[in-house]
Amino acid sequence: MAVNCTDYDFSIIEPYWQKKWLESKTFQTLHDTSIPKYYILDMFPYPSGAGLHIGHPEGYTATDILARFKKANGFNVLHPMGWDAFGLPAEQYAIKTGTHPAETTSKNVENFRRQIQRIGFAIDWDREINTTDPNYFKWTQFIFLELFKKGLAYVDEKPVWWCQNLKAVLANEEIVNGLSEVGKHPVERKNLRQVVLKITKYADRLLDGLKDVDWPDSTKRMQKAWIGKSTGAEVCFQLDGFNDNLTVFTTRPDTLYGATYMVVAPEHPILDKIVTSENKETVAAYQELSKTKSDLDRTELAKEKTGVFSGSFCINPINGAKIPVWIADYVLVTYGTGAIMSVPAHDERDFEFAKEFNLPIIQVIEKNNASHNGDGKTKLPFCSEGRMIHSGDYTGLSTKDCKSKIIAHLERKRIGKATVNFKLRDWIFSRQRYWGEPIPLVWVSKEDYHETAAANSDVAKALPLEPIKSKEGSETLYALPILPKFLPLKLPVTDSYQPSGTGESPLVNQSDWLNIWFHKITGETLPRSIEKPNSEWIEGVRESNTMPQWAGSCWYYLRYMDPHNDQEIVSKEAEKYWQNPDLYIGGAEHAVLHLLYARFWHQVLFDCGLVSTKEPFTKLFHQGIILGEDGSKMSKSVGNVVSPDDIIDESGADALRLYEMFLGPLEAMKPWNTSGIEGISRFLKRIWREFIGEDGKINSKIVPERELEENIKILHTTIQKVTEDIEGIRLNTAISQMMIFMNHIQKSRSISTETAKVFLQLLAPFAPHIAEEIWSRFGEKQSITLKAWPKFDPKILLSKEMKIMFQVNGKLRGEANVSIHISKEEVIELAKSNIGVLKFIEDKRIVKEIYVPGKIVNIVAK
RNA sequence: GCCCGGGUGGCGGAAUGGUAGACGCUGUGGACUUAAAAUCCAUUGUCCUUAGGACGUGAGGGUUCGAGUCCCUCCCCGGGCACCA
């Protein structure tokens, strides 16, 4: 049944069909695994209080078009939606107003769902997920326990942003221009206790896996750079007068003869030992200085090299040279060994430093084609490949050969070895926040831990090989897991979300929740406020940190496959059938973190046997940002934000969908233009008028007769173009083609019912409401989305004639319609007799005649 | 600084090395109307007075019968990285 308006009244048509689809579960994903599957996923949104932004429906519309298209092509489509709902804003709002974040979150989710449903997406809402739902985060916690068991979690002091005035740890986004966003207070890097995940253990696999995924090159490159693998060697330098070595990492062991001094990071532990007494003061002052340097200082003042001398020396293992050990903050303690051998002749930074402090520079490489006649001198620093000089036995070798020979030599002498280093750091997984998944760990004493671990129990089986320890003041505590069967571990209900003031989570103040009795065999827990039942219960303190927002989004694509399963994260059957998303669309801003973390978890889950695929996202596409009408980024403060609700009120959801796709290529960054939507509205109204008469019934122009030949041809061209453009995600040009079709059909005196209905099918993924409405007025009882996608007939697309352009010297001078069977000689003769062409070849000698079949004739004349 | 992506009418954009500017917006003229809206028709890169022609895809070179498209140099815009040895 259709609605009964005679005009194109989207305000009646659209809600009607949205309700109908929802009620008849039109877009319910089937459980039939005999049908080929298509899983298409959007990066799920954070349901902010501001509501949907015009950028959200861009990606969602694109996936919706693909989803509807695939459904029409016989696939069992999974196109879900959910909420990444833990996170800072709800917590900040709670601190200000006392409203529980869960309340804020559910209100925002309601609003987001309402707004998304107004756009008419083909989403199976029975599969909606929410990361803050205990039935969801139970499994987030479960996965954490798998990481724990595999020894991939540990506790360590890690630098985080700390604000002394707010007495709180801040996230990057809470810091604006080096000051806290709230109150504009100074912030500093401070080492605080953190739960960390060993993503670095997967560095090589995360790198290798990129070979197998169909992702934008730029994103692969970014991940590659982030992982930052570099191969080189570790070399031991004997410290002169000490029994210790200073080990450095270098990618250029070939330049060993050119090492003229050493540099260690200010935080390097060896300094306590090797700084000579007369240098102690200066070194200490320098260490203090670099501590207070924020990242901002480090980058902005970057090029100015600073450093101090330690007073000690190293022996270069290759030539016995005695070289000084310096301290400088251009060497990072977190990378490699925190120390380098400095080769100023062949490294830009070392060169600058050597210039600054007048240290010797020894050239050991020259350009391959360097002339020995004086003027072909190699300009220093010279950082590329070449031929070795001043390098003892290695002189004359290529840098490449020299590299492997020196490494072999060092390995033989046991003073060095080939190694690999990564830029990737372990992942700080804890947040000192309330509104996140509690980390399901309990901290107990060493004695209790060992007793627990020694038993033959479920708890003991869930432990890692090496205990996870945490230093708490003078005491070292050991981590026990909350067993999966006791999950979810929910947040305690409270009305205080204020930071603890100590840099710990607000949860440290929830003593009832925090302090527990832990049963060392069964893993059960009881609040410590009750009396200890018996000796099998041990004293425990819950981990008070919560998980970062990334946690919930690391595996949500798996949950959609089987969202109500309370036994497993996803059933084996569902996982085997759905595998992973066939297409994943989301912003390029997640190119590194989300996509890297999710890949890491997926690889761990693969190792656990919980998923069968090696990579979570085989095909990835980034939609571009939609800018404000002024060409700048949409923001509240600029006041150029466009709300989808307003557009739908004025022009309808179909117009919004079409216009967002018509704006330009999906991947491009493009400005919004409110007047541009007029063209789309006209297009929709024109469709309505062509298809629906003034009485609201199918237009009398549409007749159940054989189609006119010229209409058949444009129809098949359109089927082909739209089909291929959807497959290639070129949705803007697909819409152009549909407009061309309508412009043509409008001039035709009649249209066959068949043509009209096929066009509606092509339109349906883009503008589903109007298509469904007109479809039903044709008397169709079933949804248009259930109708098989039309096929084009290549035979119809073949013409008897073709248009050939005539050029003289590459310039267009004429054209002609010719038979497709015309010979080269005939067409060239035709060209030469063309009036336009004739004028330009008359007094000239023809040098060359080119015919590109079906396209062009070019006469070259002098 | 390094690594990417991009630069086409007044605007958004379209063009497997072969008709540059599809499609849409805007503007202009016209039809319908008492009038307006809506709709429809024509026109809309620049220059030359027109027929017709010249020029034209950030700038300059090059390859080619032919370049928006390929190569080199440079300029501008956007994104990423930021002393990673």
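Naming: A, B, ... by sequence-line order, numbering from 1 per chain.
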Colleague: Report the distance from atom NZ of Lys423(A) to atom C1' of G80(B), rounded to the nearest whole Å.
Modeller: 11 Å
Colleague: Report the distance from atom CG of Leu684(A) to atom C1' of U39(B), rounded to the nearest whole Å.
Modeller: 16 Å
Colleague: Quick one: on RNA chain B, does Glu815(A) or Thr251(A) contact a more 5' nucleotide (nearest heavy atom)?
Modeller: Glu815(A)
Colleague: With sequence neighbours left out, write down each residue that passes side-chain contact (heavy atoms from CB on, under 4.5 Å) with Asn711(A), or none if nothing qualifies.
Modeller: Glu707(A), Leu708(A), His744(A), Ile745(A), Ser748(A)
Colleague: What integer number of Å spans the C1' atoms of G56(B) and U19(B)?
Modeller: 15 Å
Colleague: For residues Leu596(A) and Trp427(A), determine if any side-chain heavy atom of one lies less than 4.5 Å from a side-chain heavy atom of the other.
Modeller: no
Colleague: Kindly state which residues belonging to residues 623-635 of chain A come within less than 4.0 angstrom of RNA chain B, counting heavy atoms of the residue only, listed by number.
Modeller: none
Colleague: Give every pair of a protein N or O atom and an N or O atom of nucleotides 60-66 of chain B that lie under 3.5 Å apart, one pair per line with the distance.
Modeller:
| unit_1 | atom_1 | unit_2 | atom_2 | d |
| --- | --- | --- | --- | --- |
| C65(B) | OP1 | Lys848(A) | NZ | 3.2 |
| C65(B) | O2' | Asn858(A) | ND2 | 3.3 |
| C65(B) | O2 | Asn858(A) | ND2 | 2.5 |

Colleague: Between Glu352(A) and Lys305(A), is the closest basic N to carboxylate O distance under 4.0 Å?
Modeller: yes
Colleague: Do Glu667(A) and Gln623(A) come within less than 4.5 Å of each other through their side chains, counting heavy atoms only?
Modeller: no
Colleague: Which word best sums up how the rings of His594(A) and His590(A) line up, parallel for under 30°, tilted for 30 to 60°, or perpendicular for over 60°?
Modeller: perpendicular
Colleague: I want to verify a distance call: between U19(B), A38(B), A14(B), whose nearest atom is closest to the Thr733(A) side chain?
Modeller: A14(B)
Colleague: So, using side-chain hydrogen bond (donor to acceptor under 3.5 Å, both in side chains) as the criterion, who are the partners of Thr200(A) when residues are at least two apart?
Modeller: Asp426(A)
Colleague: NA contact type, Met222(A), heavy-atom cut-off 4.0 Å: base, sugar-phosphate, or nothing?
Modeller: sugar-phosphate
Colleague: When the P atoms of C47(B) and G10(B) are compared, how many Å lie between them, rounded to an integer?
Modeller: 10 Å
Colleague: Given Ser342(A), which partner from the list Asp350(A), Thr260(A), Asp347(A) fulfils the side-chain hydrogen bond (donor to acceptor under 3.5 Å, both in side chains) test?
Modeller: Asp350(A)
Colleague: I'd like the P distance from A15(B) over to G21(B), given in whole Å.
Modeller: 13 Å
Colleague: With sugar-phosphate meaning primed atoms plus P, OP1 and OP2, does Ser230(A) contact a base, only sugar-phosphate, or nothing at under 4.0 Å between heavy atoms?
Modeller: sugar-phosphate
Colleague: On a whole-Å scale, what distance lies between the P atoms belonging to U8(B) and G78(B)?
Modeller: 14 Å
Colleague: Between the protein and nucleotides 2-6 of chain B, which nitrogen or oxygen pairs are less than 3.5 angstrom apart?
Modeller:
| unit_1 | atom_1 | unit_2 | atom_2 | d |
| --- | --- | --- | --- | --- |
| C4(B) | O3' | Arg221(A) | NH2 | 3.3 |
| C4(B) | O2' | Arg221(A) | NH2 | 3.0 |

Colleague: Is the shortest side-chain N/O distance from Arg689(A) to OP1 or OP2 of C40(B) below 4.0 Å?
Modeller: yes
Colleague: The criterion is side-chain hydrogen bond (donor to acceptor under 3.5 Å, both in side chains); which residues satisfy it with Thr717(A), sequence neighbours excluded?
Modeller: none
Colleague: Mind running side chain to side chain donor-acceptor pair (under 3.5 Å) on Thr674(A) and Glu629(A) for me, showing each step along the way?
Modeller: CA-CA 8 Å; Thr674(A) 300; Glu629(A) 293 208 62; 2.7 Å; yes
Colleague: Suppose we screen for side-chain hydrogen bond (donor to acceptor under 3.5 Å, both in side chains). Which residues come up paired with Ser404(A), at least two apart in sequence or across chains?
Modeller: none
Colleague: Expressed in angstrom and rounded to an integer, what is the separation of Asp254(A) atom CG from A85(B) atom C1'?
Modeller: 13 Å
Colleague: Provide a list of protein-nucleic acid N or O atom pairs under 3.5 angstrom, restricted to nucleotides 23-26 of chain B.
Modeller:
| unit_1 | atom_1 | unit_2 | atom_2 | d |
| --- | --- | --- | --- | --- |
| G24(B) | OP1 | Asn743(A) | ND2 | 3.0 |
| C25(B) | OP1 | Arg682(A) | NH1 | 2.5 |
| C25(B) | O2' | Ser675(A) | OG | 3.2 |

Colleague: I'd like the C1' distance from G18(B) over to C70(B), given in whole Å.
Modeller: 15 Å
Colleague: Determine the Euclidean distance between corresponding P atoms of U34(B) and A51(B); express it in Å to zero decimal places.
Modeller: 38 Å
Colleague: Going by number, which of residues 715-723 of chain A have a non-hydrogen atom under 4.0 Å from RNA chain B?
Modeller: none
Colleague: Could you give the distance separating G29(B) and G52(B) at their C1' atoms, to the nearest angstrom?
Modeller: 24 Å
Colleague: Please check the phosphate of G80(B) (OP1 and OP2 only) for any side-chain N or O of Gln223(A) closer than 4.0 Å.
Modeller: no
Colleague: What nucleic acid atoms does Asn732(A) come within less than 4.0 Å of, heavy atoms only: base, sugar-phosphate, or nothing?
Modeller: sugar-phosphate
Colleague: Counting the atoms with a prime plus P, OP1 and OP2 as sugar-phosphate, which does Glu667(A) contact under 4.0 Å by heavy atoms, base, sugar-phosphate, or nothing?
Modeller: nothing
Colleague: Would you mind checking if Glu385(A) and Lys400(A) are paired as a salt bridge, meaning a charged N to carboxylate O distance below 4.0 Å?
Modeller: no
Colleague: Identify, with sequence neighbours excluded, every residue that meets side-chain contact (heavy atoms from CB on, under 4.5 Å) alongside Asp654(A).
Modeller: Tyr8(A), Glu14(A), Arg657(A), Leu684(A), Ala767(A), Pro768(A), His769(A), Ile770(A)
Colleague: Just the rounded figure in Å: distance from C1' of A85(B) to NE2 of His268(A).
Modeller: 13 Å
Colleague: Please report, rounded to the nearest Å, how far the P atom of A85(B) is from the CG atom of Leu256(A).
Modeller: 17 Å
Colleague: Taking Thr219(A) for the side chain and Trp215(A) for the main chain, is one N or O donor matched with an acceptor at less than 3.5 Å?
Modeller: no
Colleague: Give one of base, sugar-phosphate or nothing for Lys670(A), where a contact means two heavy atoms less than 4.0 Å apart.
Modeller: sugar-phosphate
Colleague: Counting only side-chain heavy atoms from C-beta out, which of U39(B), A85(B), U19(B) sits nearest to Thr250(A)?
Modeller: A85(B)
Colleague: Just do the salt bridge (charged side-chain N to carboxylate O under 4.0 Å, His left out) check on Glu849(A) and Lys832(A) with the steps written out, would you?
Modeller: CA-CA 10 Å; Glu849(A) 292 161 344; Lys832(A) 285 197 282 197; 2.4 Å; yes
Colleague: So, are Lys670(A) and Glu58(A) salt-bridged, with charged N and O less than 4.0 Å apart?
Modeller: yes
Colleague: Which pairs, protein N/O on one side and nucleotides 28-33 of chain B N/O on the other, fall under 3.5 Å?
Modeller:
none

Colleague: Of all heavy-atom pairs between Lys844(A) and Ala861(A), which one has the smallest distance, and what is that distance?
Modeller: CB-CB, 3.9 Å
Colleague: Roughly how many Å apart are C3(B) and C25(B), using the P atom of each and rounding to a whole number?
Modeller: 43 Å
Colleague: Tell me, please, whether Trp688(A) has Arg682(A) positioned over its six-membered ring: NZ or CZ under 6.0 Å from the ring centre and within 45 degrees of its axis?
Modeller: no
Colleague: Show each protein N/O and nucleotides 50-55 of chain B N/O combination with a separation under 3.5 Å, one pair to a line.
Modeller:
| unit_1 | atom_1 | unit_2 | atom_2 | d |
| --- | --- | --- | --- | --- |
| G52(B) | O3' | Lys839(A) | NZ | 3.3 |
| A54(B) | OP1 | Arg813(A) | NH2 | 3.2 |
| A54(B) | OP2 | Arg813(A) | NH1 | 3.3 |
| C55(B) | OP2 | Lys811(A) | NZ | 3.4 |

Colleague: More 5' along RNA chain B: Pro665(A) or Ile856(A), using each one's nearest nucleotide?
Modeller: Pro665(A)
Colleague: Going by the glycosidic torsion and a 90 degree boundary from 0, is the base of G27(B) oriented syn or anti?
Modeller: anti
